[in-house]
Amino acid sequence: MAVEFLHELDVPFFKVGSGDTNNFPYLEKTAKKGRPMVISSGMQSMNTMHKVYQIVKPINPNFCFLQCTSAYPLQPEDVNLRVISAYQSAFPDIPIGYSGHETGIAISVAAVAMGAKVVERHVTLDKTWKGSDHQASLEPNELAELVKAIRTVEKAMGSPVKKLLPCEMACNEKLGKSVVAKVTIPEGTVLTLDMLTVKVGEPKGFPPEAIFDLVGQKVKKNIQEDETITEQAVENHVKKVKC
């Protein structure tokens with residue numbers, strides 16, 4: 001009856017509470033309505049969640065699983081955020097999220113950092129009201145704080161590509177080091193490692209990671225102690241292109 005009633009109300013999605021996740025006839029009926037489904041997994045096993053996937057996927061591919069522990073309030077040691085990673089590996093073609101009944105927002109924010117695409121939290125106007133849900137719920141100001149924190153984490157996740165960023169240029173100009181002469185090096189000398197060291201120098205020259213590449217190369221001018229080794233000072237130098 002609830003499924004039919006909500007369907008008539010044209011709700012944007014169906015939420016399957018943890019207590020109904022192993023109710024397979026109910027899941028089939030809900031899936032056949034064709035609306036997106038958010039399925040919590042409190043009190044369930046990984047084996048059951050595989051069965052849920054196998055039932056829902058052929059009928060309605062637009063659904064997600066939420067890692068959930070059905071305790072109110074939920075203690076940190078029972079959260080098991082690593083299940084999010086396990087779900088991501090087991091069900092890579094659906095979004096994975098988190099349904100939290102803990103106090104505060106830190107754990108929910110951590111879930112987002114682990115890749116949760118959906119976050120569900122209960123909301124109350126007063127945590128002292130009767131009923132176990134209220135103690136495990138967020139008050140409106142906490143909900144606002146949670147949303148703000150999640151948006152910050154989303155920005156912070158950024159790119160997996162590690163490179164020098166534009167925002168680092170000022171620091172690099174100030175603290176970035178170069179290969180410099182450890183001793184006075186006469187023109188025509190073939191460089192050895194004991195002639196070179198790494199310091200902050202001006203102008204900028206070869207970066208520290210190039211120090212081993214310079215060994216065996218000949219210099220074409222006199223270089224003073226602590227002077228930066230530049231491309232112009234090295235004979236037949238070919239600049240390597242970074243990919």
Side-chain angles (χ1 to χ4, degrees), residues 67 76-77 79-93 95-98 100 102 104-119 144-243:
Q67 161 56 1
E77 59 268 25
V79 172
N80 293 331
L81 285 179
R82 287 192 174 95
V83 174
I84 293 174
S85 300
Y87 282 168
Q88 289 168 337
S89 297
F91 313 108
D93 57 338
I96 302 301
Y98 173 69
E102 74 278 1
I105 69 170
I107 291 172
S108 295
V109 174
V112 174
M114 292 186 69
K117 303 303 182 186
V118 177
V119 173
E145 185 181 354
L146 174 62
V147 172
K148 183 179 179 180
I150 286 174
R151 297 298 176 236
T152 299
V153 168
E154 287 175 330
K155 291 179 183 177
M157 294 303 289
S159 167
V161 177
K162 184 59 181 173
K163 62 181 180 179
L164 179 66
L165 297 175
C167 66
E168 296 179 299
M169 292 304 297
C171 186
N172 188 57
E173 285 299 314
K174 182 179 179 181
L175 301 178
K177 295 179 174 63
S178 299
V179 179
V180 303
K182 193 173 185 179
V183 295
T184 297
I185 304 173
E187 178 184 347
T189 300
V190 175
L191 294 172
T192 58
L193 190 58
D194 59 0
M195 298 175 186
L196 306 172
T197 190
V198 173
K199 292 184 179 181
V200 174
E202 289 293 341
K204 299 292 183 186
F206 285 95
E209 63 265 28
I211 191 168
F212 295 131
D213 297 329
L214 288 169
V215 172
Q217 297 197 44
K218 184 184 292 186
V219 298
K220 56 185 180 182
K221 64 171 224 172
N222 293 329
I223 302 175
Q224 301 302 312
E225 182 180 348
D226 281 343
E227 186 179 342
T228 303
I229 308 294
T230 63
E231 293 178 15
Q232 293 74 26
V234 178
E235 194 172 279
N236 300 321
H237 170 71
V238 178
K239 189 173 182 179
K240 293 184 178 179
V241 177
K242 288 186 179 181
C243 296

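- Nearest heavy-atom pair, I105 versus A149, reported as atom, atom and distance to 0.1 Å: CD1-CB, 4.3 Å.
- A 4.5 Å side-chain heavy-atom check between I107 and L81 finds at least one atom pair inside the cut-off.
- M195 pairs with exactly one of I229, T189, V215 by the side chain to side chain contact (heavy atoms under 4.5 Å, CB included) rule, that one being T189.
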Verdict with supporting geometry, L196 and L191, side-chain contact (heavy atoms from CB on, under 4.5 Å): CA-CA 8 Å; L196 306 172; L191 294 172; 4.2 Å; yes
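- Applying the 6.0 Å contact sphere to NZ of K220 captures more than 12 heavy atoms from other residues, nucleotides or ligands.
- For T184 and E227, the side-chain atoms include no donor-acceptor pair closer than 3.5 Å.
- Under 4.0 Å is where a charged nitrogen must lie from a carboxylate oxygen, and between E145 and K148 no such pair does.
- With values rounded to the nearest 0.5 angstrom, I185 atom CD1 is found 11.0 Å from K221 atom NZ.
- Panel note: side chain N222, backbone P186; no donor-acceptor pair is recorded below 3.5 Å.
- For the atom pair CE (M114) and OH (Y87), the distance works out to 12.5 Å, reported to the nearest 0.5 Å.
- The two atoms that bring P208 and V198 nearest to each other are CG-CG1, 3.7 Å, heavy atoms only.
- Nearest heavy-atom pair across S89 and P92 is O-CD, 3.6 Å.
- To the nearest 0.5 angstrom, I150 atom CD1 is 6.5 Å from S108 atom OG.
- Contact of the M169 side chain with the L164 side chain is registered, since non-hydrogen atoms from C-beta on lie closer than 4.5 Å.
- Identified under the salt bridge (Lys or Arg N to Asp or Glu O under 4.0 Å) test for residues 189-208, with sequence neighbours left out: K199-D226.
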Show your reasoning for whether side-chain contact (heavy atoms from CB on, under 4.5 Å) applies to K177 and V200. CA-CA 4 Å; K177 295 179 174 63; V200 174; 3.9 Å; yes
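- Contact record, T228 with S178: CG2-CB, 4.0 Å, taken as the closest heavy-atom pair.
- Between I223 and A233, the closest heavy-atom pair is CD1-CB, 4.0 Å.
- Contact check for Y98 versus V118: no side-chain heavy atoms found under the 4.5 Å cut-off.
- Here the straight-line distance linking atom CD of Q88 with atom CD of Q67 works out to 11.5 Å at 0.5 Å rounding.
- To the nearest 0.5 Å, atoms OG1 (T230) and CZ (F206) are separated by 7.0 Å.
- Formation of a donor-acceptor pair under 3.5 Å by the E168 side chain with backbone atoms of L165 is found in this model.
- In this structure, OG1 on T192 lies 13.0 Å from CD on Q217, to the nearest 0.5 angstrom.
- The shortest heavy-atom contact between P95 and K117 is CB-CB, 4.2 Å.
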